[in-house]
Each structure stands twice: as C-alpha cells, then as structure tokens.
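The first residue in the sequence is number 1, and the count goes up from there.
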Amino acid sequence: MIFKSRKDNLFKGVMIVVILLLCLILFFSIFDEVKTTNHIVSIVVNALVLCLLLWVFYGTSYKLTSTTLSYKSGPFKGDIAITDIHQIVKGKTLWVGLKPATASKGLIIKYNKFDEVYISPKTNDSFITEILKHNSTIKIIEA
C-alpha cells in the first residue's frame, strides 16, 4: 500500500517562496547580456537546486508491504523491516535526524535499538492501522 506525504501550509509556503526566488534568479540569469563561465555555472546550479526541491515536494511517499516500510523523498530512499519497528510516536515532529517528510505532526518510527525516522503520511491513523496489521507488537504513543 502506498501512502503519499501530507504537505502542510508552512512547508508549501516556504517551498513556493524559494521556488519563485530561484525561478526569478534563473530568469534574470538567462537573459543577462554578460555571459561568463561563472554565470553559466550559476544557472546550472540554480536549475539543479530547483529540480531537487520539486522532486522532494512531489516525490515524497511511503510504501508499506507485509515485510518492509519503504520511504522516498526525492533522491533519499530507504527500507525498514517491519519486524524491527518497536515504537511509533504519533503527532510529534522530529527536528533533527532523517526526515523524508513534508509536514509537521507526523509519525516518528523507532526501529532497531536507537534508529528513528520521521514520516508524514496523509493520515497518521490509516498508516498506523495498516502497519499494525503486519506487526501488532508495535507500541503506539500519542504525543
């Protein structure tokens, strides 16, 4: 089962502002009359950053199978064995660490001994219901 990532208004706002700024810089760089090597490098780097941001914005999702939880957020990917997951913290935001997410108040997945990843599926409850079907020993904590 595939879960798309929820996008909250703060994330959307920041992304829109940054993307618009990058587009403006790119637009003015392309139509600037002075063309130097630094100028071309600036255009290429700007375009690559813009593509990366759009890839993360539209390409963040989570796939749940009977054995693994897979996450994708642009070029960042990973798999977690469902049997390794021992706890899920619901409704809290992880500010440091691995965050393939586009919203706050998501889920902190704790697995192995000290590993954790933060995700933000469209609905936390439907994700928890589905993952508990595959591993009913996972402890759910409300934040």
Side-chain angles (χ1 to χ4, degrees), residues 1-32 36-143:
M1 180 172 238
I2 295 176
F3 295 87
K4 286 287 191 183
S5 182
R6 185 178 74 253
K7 295 167 183 66
D8 63 9
N9 290 333
L10 176 65
F11 186 81
K12 286 179 187 176
V14 169
M15 289 296 284
I16 288 170
V17 168
V18 170
I19 288 171
L20 285 176
L21 285 173
L22 287 173
C23 286
L24 281 172
I25 292 168
L26 198 59
F27 177 78
F28 287 118
S29 294
I30 290 172
F31 293 108
D32 190 8
T36 64
T37 306
N38 290 341
H39 184 76
I40 293 170
V41 169
S42 170
I43 291 172
V44 170
V45 169
N46 214 359
L48 289 174
V49 170
L50 184 62
C51 290
L52 176 66
L53 290 175
L54 289 171
W55 189 11
V56 168
F57 189 76
Y58 290 109
T60 301
S61 63
Y62 318 102
K63 183 178 180 183
L64 197 57
T65 66
S66 60
T67 57
T68 60
L69 162 63
S70 302
Y71 58 86
K72 285 191 305 185
S73 183
F76 311 106
K77 300 175 185 179
D79 296 313
I80 301 168
I82 292 181
T83 54
D84 293 342
I85 299 172
H86 57 85
Q87 187 179 55
I88 297 177
V89 181
K90 177 183 172 187
K92 191 173 180 183
T93 304
L94 183 67
W95 296 106
V96 177
L98 184 57
K99 283 184 59 171
T102 56
S104 58
K105 298 196 185 320
L107 301 172
I108 300 173
I109 310 288
K110 297 187 178 193
Y111 61 101
N112 294 334
K113 192 166 185 172
F114 299 110
D115 297 322
E116 57 188 19
V117 64
Y118 175 78
I119 64 172
S120 61
K122 281 219 188 252
T123 58
N124 291 342
D125 293 329
S126 63
F127 183 87
I128 289 172
T129 301
E130 194 62 35
I131 201 166
L132 286 176
K133 289 179 186 176
H134 303 291
N135 183 357
S136 59
T137 62
I138 297 173
K139 184 177 178 183
I140 308 298
I141 297 176
E142 299 274 339

TODO: Check for a donor-acceptor pair, side chain of Tyr62 on one end and backbone N or O of Ser120 on the other, with a separation under 3.5 Å.
DONE: yes
Task: Side-chain heavy-atom pair Leu132, Ile140 within 4.5 angstrom cut-off - done: yes
Open item on the list: Quick one, Ile80 and Thr68 - any side-chain contact, counting heavy atoms below 4.5 Å?
Closed with: no
Open item on the list: Using every non-hydrogen atom in the two residues, find where Asn124 and Arg6 come nearest and quote the distance to one decimal.
Closed with: OD1-NH1, 3.8 Å
Open item on the list: Between Ser73 and Trp55, is there a side-chain heavy-atom distance shorter than 4.5 Å?
Closed with: no
- [ ] Could you tell me which non-hydrogen atom of Ser104 sits nearest to which non-hydrogen atom of Thr93, and how far apart they are?
- [x] CB-OG1, 3.4 Å
Task: Side chains of Ser126 and Thr129, donor plus acceptor under 3.5 Å - done: no
Task: Donor-acceptor pair between Ser70 and Asp79 side chains, under 3.5 angstrom - done: yes
Task: Thr123 and Asp125: side chain donor to acceptor below 3.5 Å - done: no
Open item on the list: Phe3 vs Phe127, test: ring pair (Phe, Tyr, Trp, His ring centres under 6.0 Å). Steps then yes/no.
Closed with: CA-CA 8 Å; Phe3 295 87; Phe127 183 87; 5.1 Å; yes
Task: Atom pair CD1 (Ile109) and CD1 (Ile88), whose distance is rounded to the nearest 0.5 Å - done: 4.0 Å
Open item on the list: Quick check for you: to the nearest 0.5 Å, what is the distance between His134 atom NE2 and Ile85 atom CD1?
Closed with: 10.5 Å
Task: Steps toward side-chain contact (heavy atoms from CB on, under 4.5 Å) verdict (Ile141, Lys90) - done: CA-CA 6 Å; Ile141 297 176; Lys90 177 183 172 187; over 6 Å; no
Task: Straight-line distance of Cys51 SG to Leu22 CG, nearest 0.5 Å - done: 10.5 Å
TODO: State, to 0.1 Å, how close Leu98 and Glu116 come at their nearest heavy-atom pair, and which atoms those are.
DONE: CB-O, 4.4 Å
- [ ] Working to the nearest 0.5 Å, report the span between NZ of Lys72 and NZ of Lys63.
- [x] 8.5 Å
Open item on the list: Counting only heavy atoms not in Lys7 (residues, nucleotides, ligands), do more than 12 fall under 6.0 Å from its NZ?
Closed with: yes
Task: Donor-acceptor pair between Thr60 and Ser5 side chains, under 3.5 angstrom - done: no
Task: Pairwise distance NZ(Lys4) to NZ(Lys122) - rounded to 0.5 angstrom - done: 8.5 Å
Task: Check: Thr67 and Ile82 side chains under 4.5 Å, non-hydrogen atoms - done: no
TODO: Over all heavy atoms of both residues, which pair between Ala103 and Tyr118 is shortest? Give the atoms and the distance, please.
DONE: O-OH, 2.8 Å
Task: Shortest non-hydrogen separation from Asn135 to Thr83 and the atoms involved - done: ND2-CA, 3.9 Å
Task: Side-chain heavy-atom pair Lys12, Phe57 within 4.5 angstrom cut-off - done: yes
Task: Least distance between heavy atoms, Pro100 atom then Tyr71 atom - done: CG-CD1, 3.5 Å
Task: Heavy-atom neighbours of Lys99 NZ exceed 12 at 6.0 Å - done: yes
Open item on the list: Would you say that Ile131 contacts Ile138 through its side chain, given a criterion of any heavy-atom pair below 4.5 Å between the two side chains?
Closed with: yes
Task: Any side-chain heavy-atom pair of Lys110 and Asp115 under 4.5 Å - done: no
Task: Interatomic spacing from CD1 in Ile119 to CG in Leu107 - rounded to 0.5 Å - done: 5.0 Å
